[in-house]
Amino acid sequence: MSSGSRPRRVLAIDYGERRVGLAVSDPTGTIASPAGFIQRRPGKRPPITGIIQRGEELAVEGYVLGLPLDGEGAETPRSREVRMVAAELEKRTGLPTRLVDERYTTAAALRAIREMGGTTRGRKGDVDSLSATILLQHALGLP
């Protein structure tokens, strides 16, 4: 996941308040694909076990988490939560985690859907998964 290392299958996580969007890379690190989402329950613990299970199903070798910063690039309450989730994922799995600025990924996903003539009505989970895909493309250095 760092420069100079061999490509790895990576799970990207767009960690939201209601849903956790997921995307996965191919083993060569050249394709990022949506991998669904996990519904969050308000007031409950972060769905770390569900994220780990999905990572195991997809045979990932690392994680990329979107870091939700504010418009000026400063930390937010959610970014602190994401840092905790990243640390816990690394602790429980022993796999590397990387935090990537996720500002504007949801806006880019919504724009892409509109440009294709689609609608987001009733498809919020799909939008979150597409946001994770855009995040992963950025993390992998893909156009």
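What you are looking at is a predicted structure, and each value in this text was computed from that prediction instead of being measured.
- The two residues Tyr15 and Pro47 come nearest to each other via the heavy atoms OH-CD, 3.9 Å.
- One finds the CZ atom of Arg80 at 10.5 Å from the CG atom of Leu67 (value rounded to the nearest 0.5 Å).
- Taking CD1 of Ile38 as the reference point, atom CD of Gln53 lies at 8.5 Å (rounded to 0.5 Å).
- Side chain of Asp128 to main chain of Arg19: no donor-acceptor pair is present (N/O by atom type, distance under 3.5 Å, no hydrogens or angles).
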**Item:** Worked check of side chain to side chain contact (heavy atoms under 4.5 Å, CB included) between Leu11 and Leu58
**Value:** CA-CA 8 Å; Leu11 184 68; Leu58 295 168; 3.8 Å; yes
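- Tracing side-chain contacts under 4.5 Å through hydrophobic residues (I, L, V, M, F, W, Y), one never reaches Phe37 starting from Leu130; they form parts of separate clusters.
- Within the 4.5 Å cutoff, the side chain of Leu89 has no heavy atoms near those of the Leu95 side chain.
- Atom CD1 of Ile52 sits about 14.5 Å away from atom CZ of Arg54, to the nearest 0.5 Å.
- Counting non-hydrogen atoms of neighbouring residues, nucleotides and ligands closer than 6.0 angstrom, the CZ atom of Arg18 reaches no more than 12 such neighbours.
- Formation of a donor-acceptor pair under 3.5 Å by the Ser129 side chain with backbone atoms of Gly21 is not found in this model.
- Contact between Glu61 and Arg8 at its shortest, heavy atoms only, is O-NH1, 3.4 Å.
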**Request:** Just do the side chain to side chain contact (heavy atoms under 4.5 Å, CB included) check on His138 and Val100 with the steps written out, would you?
**Result:** CA-CA 8 Å; His138 174 70; Val100 176; 3.3 Å; yes
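- In plain terms, the two heavy atoms of Gly29 and Leu140 that are nearest each other are O-CD1, 3.8 Å.
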**Asked** Please walk me through it: do Val20 and Gln39 pass side chain to side chain contact (heavy atoms under 4.5 Å, CB included)?
**Response** CA-CA 6 Å; Val20 177; Gln39 192 73 40; over 6 Å; no
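- A pairwise comparison of heavy atoms in Leu136 and Val24 identifies CD2-C, 3.4 Å as the closest pair.
- Under the 4.5 Å side-chain criterion, counting only non-hydrogen atoms from C-beta, Pro68 is in contact with Val82.
- Arg40 has no carboxylate O lying under 4.0 Å from a charged side-chain N of Glu17, or vice versa, which leaves the two without a salt bridge.
- No option in Glu75, Arg83, Glu81 other than Glu75 meets the side chain to side chain donor-acceptor pair (under 3.5 Å) test with Ser79.
- Contact between Ala32 and Thr133 at its shortest, heavy atoms only, is O-CG2, 3.5 Å.
- Two residues are said to be in side-chain contact when any heavy atoms from C-beta on lie closer than 4.5 Å; Ser25 and Ile31 fail this criterion.
- Atom CD in Glu102 sits 8.5 Å away from atom CZ in Arg78 (nearest 0.5 Å).
- Salt-bridge check for Arg9 with Glu56: failed, with every basic side-chain N at 4.0 Å or more from each acidic carboxylate O.
- A heavy-atom distance below 4.5 Å is not found between the side chains of Val10 and Val60.
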**Message:** Could you walk me through whether Leu135 and Ile13 satisfy the side chain to side chain contact (heavy atoms under 4.5 Å, CB included) test, starting with their C-alpha distance in whole Å, then the side-chain angles of each, then the deciding distance to 0.1 Å, before giving a yes or no?
**Reply:** CA-CA 8 Å; Leu135 173 75; Ile13 301 162; 6.0 Å; no
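- Side-chain contact between Leu99 and Leu65 is present, with heavy atoms from C-beta onward closer than 4.5 Å.
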